[in-house]
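To start, the structure under review is shown below, and the notes come after it.
Side chains included, hydrogens not; waters and symmetry mates left out as well; all remaining heavy atoms used. Below, read A as the first sequence line, B as the second, and so on, with proteins coming before strands; counting in each chain starts at 1.
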Amino acid sequence: MQLEAIIQEHIQNALKEIYNVEENQIALQPTKKDFEGFYTFVTFPYTKSLRKPPVEIGNAIGQYLLEKSGIVSSFNVVQGFLNLSIADEAWVKALNELALDADFGFWPANGKSVMVEFSSPNTNKPLHLGHLRNNFLGDSVSRILKASGYEVVKACLVNDRGIHICKSMLAYAKLGEGETPQSSGIKGDHLIGKYYVLFDKEYKRQIEALVAEGISKEEAEKKAPWMIEAQELLRKWEQGDSETVALWKQMNEWVYAGFNDTYQKIGVSFDKTYYESNTYLLGKDVVEEGLEKGVFFRKDDNSVWIDLTAEGLDQKLVLRGDGTSVYMTQDLGTTDLKFQDFHNDKSIWVVGNEQDYHFQVLFAILKRLGRTYAEGCHHLSYGMVDLPTGKMKSREGTVVDADDLIQEMASTAETRTRELGKIEDFNSEEAQQLYHTLALGALKYFLLKVDPKKRMLFNPEESVDFQGHTGPFIQYTYVRIRSVMRKADQQNIELVKAASVVSLAKIEQEIIFHLADFPSKVADAARDYSPALISQYVYELAKLYNHLWAEVSVLNEPEEALKYFRILLSKAVGDTIKKSLDLMGIGVPERM
RNA sequence: GGUCCCGUAGCUCAGUUGGAUAGAGCAACAGAUUUCUAAUCUGUCGGUCUUUGGUUCGAGUCCAAACGGGAUCACCA
């Protein structure tokens with residue numbers, strides 16, 4: 001049983017026995033650094049009902065805990081704050097319980113399932129920094145939900161059709177001259193992205209030319225020859241024109257080869273992939289259903305709408321007058337499909353905050369339609385990643401490309417590692433593996449440590465660091481621990497329960513206190529869909545351990561019992577760091 | 001203009017759901033290595049928590065308004 005739970009139970013009993021008050025929610029908080037103790041119970045809320053001064057209540061409960069709890073070693077009362085210190089035997093007992101439990105921090109299956117949809121790339125351009133935030137968030141949230149007891153389905157909806165794809169196709173057909181990833185040596189997704197940029201360049205030139213002839217900009221955007229041709233291409237694709245479809249398939253193959261490479265590099269995978277080319281016609285039956293139920297209505301031009309003004313939203317189009325789909329139509333269809341496929345209790349969409357409104361509307365419609373799964377739907381909205389130079393735009397080529405960035409980080413890791421010269425016995429493959437682990441650790445940690453809903457600024461010059469509050473800092477702490485564990489192993493020291501005779505330093509108590517908090521942190525992170533909570537937790541843990549490291553020695557401790565205790569403590573910290581980083585999709589090296 | 005999100009140290013961010021004297025990292029400066037990995041540790045410097053009201057024993061946290069930044073309000077996806 002957890003220390004916190006034990007104390008809470010005793011406080012409950014104390015309130016009952018001393019004041020005859022039944023209280024089922026006892027809130028404890030960590031004691032502030034400047035005060036003596038670990039757990040603090042605030043008595044202010046009880047002063048009114050008990051009609052006693054806060055200090056008196058604190059003293060009475062403190063005295064009770066001291067006598068009856070068996071784990072409170074001393075207490076002090078400051079104003080209405082009852083601060084409790086814990087006996088060393090209780091700390092050691094807590095460590096013994098958590099250190100030897102391989103599943104510590106993970107919650108048992110709760111019988112519920114959740115789908116996390118993320119990544120959802122467009123097939124006309126390679127992944128950039130913004131996509132990385134999406135991918136890392138989705139992957140990490142999936143891991144966190146799994147650790148908290150859910151069965152998780154990771155889904156990806158590939159946006160593989162539409163006018164944007166046709167733009168790349170058109171530019172390629174006009175200018176490609178048969179270029180292939182093989183012939184050019186360019187990665188497939190980058191090759192397609194190149195033609196997307198080329199389209200945009202030419203398109204802009206055509207607009208300017210038309211404007212120069214006196215046509216309005218708006219008109220020019222519609223009348224530019226390449227735009228007309230791209231739209232023609234889309235029509236042909238929808239009609240199944242064999243030549244168009246063949247080109248589309250060819251270019252898709254290249255893009256997927258490129259994507260798979262990147263996904264593998266960043267360690268992201270999916271359980272189910274949906275392709276929009278298969279699902280874009282779905283949803284029309286939902287529109288029919290909505291019309292029958294009177295949820296939707298038809299306007300004179302035959303278009304179908306929903307009126308959501310009662311929910312504080314607007315009227316929203318769900319089907320065009322000519323009977324063709326819009327984004328919302330498709331999403332209604334795919335959401336039904338996803339539910340039919342997996343019957344998930346919850347469904348999470350990891351999508352940027354520019355689509356907040358879309359999801360508000362989608363969820364409102366699902367409720368109106370009486371979908372049973374509507375309650376479990378959640379949009380995990382995250383802010384953009386901005387550059388010092390402004391926004392990233394694929395069309396204009398002003399993006400931080402994902403592959404380039406990872407490459408750059410790996411070479412920074414290499415430079416740094418070489419300077420330190422600690423892995424000279426590594427072979428080339430081992431070294432490359434290490435640089436990759438460090439590069440991704442730094443990048444993932446950097447993108448995940450910030451609250452998802454905040455937009456973040458990425459300064460390539462200084463943002464991603466290897467020192468301080470970073471992934472490599474935490475990886476380094478793990479490496480130190482592994483070094484100790486290897487040496488302990490060489491000395492044939494077995495990992496056993498620590499004896500309770502040892503007298504602990506404050507920092508050792510603090511570490512156990514922090515370790516004991518891990519399971520509830522996992523639960524919090526799952527509840528809030530926030531990897532940032534895990535990142536804060538593991539950073540704090542690494543800092544505490546480094547503090548211990550500077551203060552005492554593990555293996556050179558002369559007192560045997562204390563030495564074994566510290567080895568066990570080190571193991572527990574190492575395991576918890578590894579688990580935490582794994583929840584963020586970050587790997588740990590043995591040495592660095 | 002309507003709606004939503006954000007505003008904390010020079011910079012990047014925490015702040016455990018309303019608790020004590022608001023914390024980290026970076027940057028700057030000063031120290032620590034005969035000892036388990038110094039990608040580390042210790043210290044100094046740095047604050048009108050955007051502003052003004054309100055709620056109460058108590059507000060960075062909750063409510064209202066204003067100001068500043070962003071997103072969105074397409075028969076694009």
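If you measure from atom CG of Leu562(A) to atom C1' of rC36(B), you get 14 Å, rounded to the nearest angstrom. Look at CD1 on Ile163(A): it is 11 Å from C1' on rA77(B), rounded to the nearest Å. Note: CD (Glu311(A)) to C1' (rG2(B)) measures 16 Å, nearest angstrom. Asp356(A) has its CG atom 11 Å from the C1' atom of rU3(B), to the nearest Å. The CD atom of Gln315(A) sits 18 Å away from the C1' atom of rU72(B) (whole-angstrom rounding). In this structure, Glu510(A) atom CD and rG23(B) atom P are separated by 15 Å, rounded to whole Å. Rounded to whole Å, atom P of rU16(B) lies 18 Å from atom OH of Tyr39(A). In this structure, Gln2(A) atom CD and rU16(B) atom P are separated by 21 Å, rounded to whole Å.
If you check rA77(B), rC75(B), rG19(B) against the side chain of Asp301(A), the one that comes closest is rC75(B). Closest contact between the side chain of Tyr476(A) and the listed nucleotides rC75(B), rA38(B), rC36(B) involves rA38(B). With rA20(B), rU72(B), rA24(B) as the candidates, the nucleotide lying closest to the side chain of Lys543(A) is rA24(B). Residue Val78(A) has its side chain nearest to rA20(B) when only rA20(B), rA77(B), rU72(B) are considered. Set against rC6(B), rA20(B), rU17(B), the side chain of Lys453(A) has rC6(B) as its closest nucleotide. Between rC36(B), rA77(B), rU21(B), one nucleotide has an atom nearer to the side chain of Tyr327(A) than all others, and that is rA77(B). Nearest nucleotide to the side chain of Lys487(A), out of rG70(B), rU40(B), rC36(B): rC36(B). Counting only heavy atoms from C-beta on, Gln536(A) has its side chain closest to rC13(B) among rG19(B), rC36(B), rC13(B). Picking from rC4(B), rA77(B), rC41(B) the nucleotide with the shortest atom distance to the side chain of Gln360(A) gives rC4(B). Comparing rA14(B), rG19(B), rU40(B) by their nearest atom to the side chain of Lys454(A) picks out rA14(B).
Judged by atom type and distance alone, Asn83(A) reaches the base of rA20(B) through a side-chain donor-acceptor pair under 3.5 Å. Applying the 3.5 Å distance criterion, the base of rC57(B) shares no donor-acceptor pair with the side chain of Thr47(A).
Within 4.0 Å of Leu319(A), counting heavy atoms only, lies no atom of the nucleic acid at all. Within the nucleic acid shown, Asp331(A) has no heavy atom closer than 4.0 Å to any nucleic acid atom. Thr40(A) comes within contact range of at least one nucleobase, with a heavy-atom separation under 4.0 Å. Asp451(A) comes within 4.0 angstrom of the backbone, heavy atoms only, and of no base. Counting non-hydrogen atoms under 4.0 angstrom, Val552(A) reaches a base of the nucleic acid. Among the atoms of the strands shown, none is found under 4.0 Å from any heavy atom of His358(A). Using a 4.0 Å heavy-atom cutoff across all strands shown, Val450(A) reaches sugar-phosphate atoms only and no base atom. Counting non-hydrogen atoms under 4.0 angstrom, Lys48(A) reaches the backbone sugars and phosphates but no base. Using a 4.0 Å heavy-atom cutoff across all strands shown, Pro54(A) reaches no nucleic acid atom at all.
Nucleotides rU50(B) and rC57(B), compared at atom P, are 26 Å apart to the nearest Å. Nucleotides rA59(B) and rC67(B), compared at atom P, are 26 Å apart to the nearest Å. As rounded to the nearest Å, rU55(B) and rA14(B) have C1' atoms that lie 27 Å from one another. For the P atom pair drawn from rC26(B) and rC73(B), the interatomic distance equals 41 Å after rounding to whole Å. Remark: the separation of the P atoms in rC5(B) and rC41(B) is 38 Å, to the nearest Å. Comparing the same atom, P, in rC4(B) and in rU44(B) gives a spacing of 45 Å after rounding to whole Å. Separation of the C1' atoms belonging to rG60(B) and rU8(B) is 7 Å when rounded to the nearest angstrom. Only the C1' atoms considered, rA66(B) is 14 Å distant from rG7(B), to the nearest whole Å.
For the pair His547(A) and rU42(B), the criterion of a side-chain N or O lying under 4.0 Å from OP1 or OP2 is met. Side-chain nitrogen and oxygen atoms of Trp305(A) include none within less than 4.0 Å of the OP1 or OP2 phosphate oxygen of rC75(B). The side chain of Arg486(A) places no N or O atom within less than 4.0 Å of a non-bridging phosphate oxygen (OP1 or OP2) of rC36(B). For Arg320(A) and rC76(B), the shortest distance from a side-chain N or O to OP1 or OP2 is below 4.0 Å.
Using cut-offs of 30° and 60° on the angle between ring planes, the pair Phe81(A) and Phe44(A) is perpendicular.
Summarising the local packing, CD of Glu494(A) is surrounded by 12 or fewer heavy atoms from other residues, nucleotides or ligands at distances under 6.0 Å.
With salt bridges taken as basic N to acidic carboxylate O contacts below 4.0 Å, none links Asp489(A) and Arg486(A). Between Glu559(A) and Lys563(A) there is no salt bridge, since no side-chain N of the basic residue sits under 4.0 Å from a carboxylate O of the acidic one.
Side chains of Thr31(A) and Thr40(A): a donor-acceptor N/O pair is present below 3.5 angstrom, by distance only. Remark: the Asn302(A) side chain and the Arg320(A) side chain contain no N/O donor-acceptor pair separated by less than 3.5 Å. For the residue pair Thr470(A) and Tyr539(A), no side-chain donor N or O sits within less than 3.5 Å of a side-chain acceptor on the partner.
Of the candidates Tyr529(A), Phe363(A), Phe118(A), Tyr382(A), Phe363(A) is the only one forming a ring pair (Phe, Tyr, Trp, His ring centres under 6.0 Å) with Trp349(A).
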Please walk me through it: do Tyr196(A) and His164(A) pass ring-ring contact (aromatic ring centres under 6.0 Å, His included)? CA-CA 8 Å; Tyr196(A) 186 62; His164(A) 49 290; 7.5 Å; no
Should Arg591(A) and Arg482(A) be marked as a side chain to side chain contact (heavy atoms under 4.5 Å, CB included) after you check the CA-CA gap, both sets of side-chain angles, and the distance that decides it? CA-CA 8 Å; Arg591(A) 293 172 52 197; Arg482(A) 286 304 305 153; over 6 Å; no
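Lacking a ring centre under 5.5 Å from that of the base six-membered ring together with a plane angle below 30°, Phe44(A) does not count as stacked on rG58(B). Here Phe35(A) lies parallel enough and close enough to stack on the base of rA20(B), with planes under 30° and ring centres under 5.5 Å apart. Stacking annotation: Phe81(A) is stacked on the base of rA20(B) (ring centroids less than 5.5 angstrom apart, interplanar angle below 30 degrees).
Distance CD1/Ile61(A) to CG/Leu82(A): 6.5 Å, rounded to 0.5 Å.
Stem analysis of RNA chain B (Watson-Crick or G-U pairs, both distances under 3.5 Å, runs of at least three) returns B:1-7 with B:67-73, B:10-13 with B:23-26, B:28-32 with B:40-44, B:50-54 with B:62-66.
Annotation: cation-pi pair Lys299(A)/Trp305(A) present, NZ/CZ under 6.0 Å from the ring centroid and within 45° of its normal.
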